[in-house]
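Chain A is the first sequence line, chain B the second, and so forth, proteins listed ahead of strands; every chain is numbered from 1. Model, not experiment: these values are computed from the prediction.
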Amino acid sequence: MSDTPDQNSTPDTAPQRKKPDRFEVARLVKLEQIEALGHDPWGQRFDDHISIKDARDKSPDENGALGEKVRIAGRVMTRRKQGKLRFFNVKDWSGEIQLLFSRGDLAEEQWSLMGALDLGDIVGIDGFMKRTDSGEISIFVETLTVLCKSLAPPPEKFHGAKDIELLLRQRYIDLIYSEGVLERMLKRTEIIATVRSTLRSNGFVEAETPVLHAIAGGAAARPFTTHHNALDINLYLRIALELHLKRLMVGGVERVYEIGRVFRNEGIDATHNPEFTMIEIYQAYGNYESMMDLTEQIFCNCVKSVSDSMVLPWDDKQIDFTAPWPRRKYGDLFKEHAGIEMSDQTGVVELAKSLGLETAGVHHDVLVNGIFEEKVEDSLVGPVFVIDYPASICPLTKRKRDNPDIAERFELFIHGMELANAYTELNDPRLQEDLFLTQLDGMSEEDSMATMDHDFVQALKVGMPPAGGLGIGIDRMIMLMTNSRSIRDVIYFPLLRPEN
RNA sequence: GCCUCCUUAGCUCAAUCGGCAGAGCAACUGACUCUUAAUCAGUAGGUUGUUGGUUCGAUUCCAACAGGAGGCACCA
């Protein structure tokens with residue numbers, strides 16, 4: 001390797017500097033103008049500025065009046081010329097404000113510097129609060145500081161960028177120029193902070209468990225696989241947080257949760273991204289009913305953190321989060337919507353066939369659940385807890401003491417979407433071992449969670465207290481609380497196929 | 001993985017029943033001291049996603065490929 005590579009011998013395959021387009025060329029000219037005026041086009045530390053929102057609050061009330069001196073920083077969004085007056089709109093993450101440059105009042109050098117600004121540049125401003133003659137809250141600029149030259153042109157100023165692919169690939173464009181995108185993502189942060197504070201106030205501690213798993217357990221999903229070179233072993237990206245958190249409960253961490261990314265190698269659509277954020281929460285000496293209470297508390301606190309009302313808009317509908325939420329038995333809902341008892345062996349097979357489900361050699365409860373998903377889930381407006389699932393499809397769940405065919409499990413549904421899944425956790429190691437070995441008829445290995453994890457069984461043998469466990473799909477929860485139709489609206493960088 | 005649809009200037013969109021590809025914004029040049037998506041006048045800006053095919057001629061028709069959207073399947 002040479003420190004002074006011969007540029008003439010650069011092979012064609014070497015990465016090349018991208019040639020500036022005509023827009024970049026025009027902006028580079030401005031950049032040189034800024035440098036020629038003795039300014040740094042890339043800016044420096046800019047202390048003691050206030051948010052644009054706070055600046056706006058300092059505005060004088062009377063049109064034409066000059067107010068107090070302020071310092072702000074932000075990105076140039078729009079620009080209007082009116083002879084020797086120039087108006088700029090500048091935005092930071094708190095809001096937007098108009099700047100007013102006056103040729104007659106500004107130093108000649110400053111006027112030239114302003115002339116080298118482009119849409120998208122980031123500027124620091126010292127000036128006086130002012131209301132213009134038409135009443136617009138503005139800053140009458142005294143000193144302009146260039147903080148960052150933008151070399152790429154912004155999207156169309158009125159319609160903005162509309163191309164979904166562009167907005168997702170260049171999410172920063174979406175954040176800057178699409179109405180409400182940044183605000184929505186900041187709400188996400190606020191909601192997750194509220195989840196944490198709610199759990200903290202209930203005595204839960206946060207843990208970090210491995211992302212790389214030797215056995216991808218705790219849920220039914222196809223995992224991503226990877227390889228560790230030094231150990232020469234294949235590993236899986238986790239599909240759930242469950243089994244490690246339960247090991248922690250064995251270890252005496254009595255109230256524990258993790259907010260973490262999990263990975264499932266499945267299809268992508270409005271409610272599925274290959275990597276998504278889950279929270280799983282475990283409470284020793286609780287059960288699924290205590291987890292329902294906790295679920296309500298978490299959701300309600302989160303709603304309060306982003307809204308004044310417990311009723312949030314959802315498309316042309318609404319969601320009323322006011323607790324308590326109904327708790328409906330799986331079997332009752334099944335009978336209500338399917339018209340038959342779920343214990344009706346022949347009836348279930350006939351109904352499954354009429355719905356086009358494969359029935360040959362398929363376990364009764366698998367058919368029941370297939371029918372439930374077809375006939376019931378979409379009609380669950382909620383919020384509603386569906387409780388008491390068929391035990392055979394719940395291999396990590398404690399059975400009801402008086403009925404081993406029913407598992408103490410609930411799922412939370414809102415507008416047909418599954419938001420949470422919770423159990424009274426199975427802590428009988430011998431039953432757990434049996435269930436890991438049980439391959440339900442008609443279920444693939446991936447679907448059945450029947451992956452033996454001897455170490456987890458060993459942990460249960462050491463002894464896990466009776467407990468409630470709860471998992472919530474954080475992205476979906478945020479979708480509901482921000483009226484977002486797609487999971488990609490609440491994830492900064494959803495997965496896209498790479499270009500080229 | 002399967003089906004249908006989409007891809008035109010930096011952005012938002014037109015148009016071509018197969019015959020020189022057009023606007024607005026943005027850019028550039030001027031005029032304008034209270035404007036606020038859009039003042040006025042002018043200039044420039046295109047391998048119509050890529051590669052083939054049909055044709056005198058393809059941006060338009062056909063095929064393959066790439067990326068995207070919706071639906072199905074899978075899943076939370």
Presence of A/K81 side-chain N/O under 4.0 Å of B/rA38 phosphate oxygens OP1/OP2: no

Considering only the C1' atoms, how many Å lie between B/rC13 and B/rA38, rounded to the nearest integer? 16 Å

Please tabulate, one pair per line, each protein N/O and nucleotide N/O from nucleotides 12-14 of chain B that are separated by under 3.5 Å, including the distance.
{"residue": "B/rU12", "atom": "OP1", "partner": "A/K162", "partner atom": "N", "Å": "2.8"}
{"residue": "B/rU12", "atom": "OP1", "partner": "A/D163", "partner atom": "N", "Å": "2.9"}

Rounding to the closest angstrom, what is the interatomic distance between B/rU51 and B/rA58 at atom P? 14 Å

Aromatic A/W93 / basic A/R75 pairing, under 6.0 angstrom, 45° off normal: no

Please report the distance separating the P of B/rU12 from the corresponding atom of B/rU7, rounded so that it comes out in whole Å. 13 Å

In whole Å, measure the gap between the C1' atoms of B/rG49 and B/rG68 for me. 11 Å

Could you tell me whether A/E418 contacts a base, only the sugar-phosphate backbone, or nothing, with contacts defined as non-hydrogen atoms closer than 4.0 Å? sugar-phosphate

Measure the distance from CZ on A/R79 to C1' on B/rC28 and round it to the nearest whole Å. 12 Å

A/L175 backbone acceptor or donor facing A/S178 side chain under 3.5 Å: no

Treating a pair as Watson-Crick (purine N1 to pyrimidine N3 plus N6-O4 or O6-N4) or G-U wobble (N1-O2 and O6-N3) with both distances under 3.5 Å, list the stems of 3 or more consecutive pairs that involve RNA chain B. B:1-7 with B:66-72, B:10-13 with B:22-25, B:27-31 with B:39-43, B:49-53 with B:61-65

Decide if the gap between the ring center of A/F224 and the ring center of A/Y236 is smaller than 6.0 angstrom. no

From the set B/rC34, B/rU33, B/rA37, return the single nucleotide nearest to any side-chain atom of A/F87. B/rC34

Say whether A/D365 and A/S392, considering side chains only, have a donor N or O and an acceptor N or O under 3.5 Å apart. yes

d(CZ, A/F140; P, B/rU35) in whole Å: 15 Å

Would you say the side chains of A/Q110 and A/R103 form a donor-acceptor pair under 3.5 Å? no

Whole angstroms only, please: what is the CG-C1' distance between A/D133 and B/rC34? 5 Å

C1' atom, B/rA14 versus B/rA23: distance in rounded Å? 7 Å

Kindly point out which of B/rG10, B/rA76, B/rG67 is positioned nearest to the side chain of A/I487? B/rA76

Length of the CG-C1' vector between A/D21 and B/rC28, whole Å: 14 Å

P spacing across the pair B/rA26 / B/rC40, given as an integer number of angstrom: 11 Å

Does B/rA26 have its OP1 or OP2 closer than 4.0 Å to a side-chain nitrogen or oxygen of A/K157? yes

Can you tell me the distance, in whole Å, between the CG atom of A/D105 and the C1' atom of B/rU33? 10 Å

Using the C1' atom as the point on both nucleotides, what is the distance between B/rU36 and B/rU48, in whole Å? 35 Å

Considering every strand and a 4.0 Å limit on heavy-atom distances, what is the contact class for A/R497: base, sugar-phosphate, or nothing? sugar-phosphate

To the nearest Å, give me how far apart CG (A/L167) and P (B/rA69) are. 11 Å

When you look at NZ of A/K91, are more than 12 heavy atoms from neighbouring residues, nucleotides or ligands closer to it than 6.0 Å? yes

Over all strands shown, is A/R27 touching base, sugar-phosphate only, or nothing at heavy-atom distances under 4.0 angstrom? nothing

At 4.0 Å (heavy atoms only), tell me whether A/G267 reaches a base, stays on the sugar-phosphate, or touches nothing. base

Tell me if a side-chain donor or acceptor on A/R327 pairs with a main-chain N or O of A/I387 at a distance below 3.5 Å. no

Suppose we call a contact any N or O donor and acceptor under 3.5 Å apart; does that hold for the side chain of A/K130 and the base of B/rC34? yes

Are A/R169 and B/rG68 close enough that a side-chain N or O sits under 4.0 Å from OP1 or OP2? yes

Using 30° and 60° as the class boundaries, would you call the ring planes of A/Y257 and A/F204 parallel, tilted or perpendicular? perpendicular

Using atom OH of A/Y389 as one end and atom P of B/rA76 as the other, report the distance to the nearest whole Å. 11 Å

Is the distance between the ring centroids of A/F140 and A/F128 under 6.0 Å? no

Do A/R238 and A/P210 touch side chain to side chain, with heavy atoms closer than 4.5 Å? no

What distance separates A/K246 NZ from A/F456 CZ, expressed to the nearest 0.5 Å? 4.5 Å

Which of these nucleotides, B/rU33, B/rC74, B/rA26, is closest to any side-chain atom of A/E266? B/rC74

Contact nearer the 5' end of RNA chain B, comparing A/I164 with A/R86: A/R86

Determine, using ring centers only, whether A/F372 and A/Y330 are less than 6.0 Å apart. yes

Quick one: is B/rA69 close enough that its OP1 or OP2 comes under 4.0 Å of any side-chain N or O from A/R488? yes

Would you kindly compare A/T78 and A/L119 by the position of their nearest RNA chain B nucleotide and give the one closer to the 5′ end? A/L119

Which nucleotide, B/rG68, B/rU35, B/rA76, lies nearest any side-chain atom of A/F276? B/rA76

How many Å lie between CG on A/L99 and C1' on B/rU36, as a whole number? 12 Å

Would you kindly check whether a donor in the side chain of A/Q82 faces an acceptor in the base of B/rU33, or vice versa, at under 3.5 angstrom? no

Using only heavy-atom distances, determine whether the side chains of A/N483 and A/R184 contain a donor-acceptor pair under 3.5 Å. no

Test side chain to side chain donor-acceptor pair (under 3.5 Å) applied to A/R409 and A/D388, A/N421, A/T397, the passing residue: A/N421

What about A/T132, does its side chain sit under 3.5 Å from the base of B/rU35 through a donor-acceptor pair? yes

Using side chain to side chain contact (heavy atoms under 4.5 Å, CB included), reason through A/F321 and A/I414 one step at a time and then give a plain yes or no. CA-CA 10 Å; A/F321 284 96; A/I414 303 178; 3.8 Å; yes

Protein and nucleotides 44-50 of chain B: nitrogen or oxygen contacts under 3.5 angstrom:
{"residue": "B/rG45", "atom": "O2'", "partner": "A/R22", "partner atom": "NE", "Å": "2.7"}
{"residue": "B/rG45", "atom": "O2'", "partner": "A/R22", "partner atom": "NH1", "Å": "3.0"}
{"residue": "B/rG45", "atom": "O2'", "partner": "A/R22", "partner atom": "NH2", "Å": "2.4"}

If you check every side-chain atom of A/K30, which of B/rA69, B/rC34, B/rC28 has the closest atom? B/rC28

For the P atoms, the ones on B/rU43 and on B/rG67, what distance do you get once it is rounded to whole angstrom? 42 Å

Is A/R103 close enough to B/rU33 that one of its side-chain N or O atoms is under 4.0 Å from OP1 or OP2 there? no

Determine whether any donor atom in the side chain of A/E136 lies under 3.5 Å from an acceptor atom in the base of B/rU35, or the reverse, and answer yes or no. no

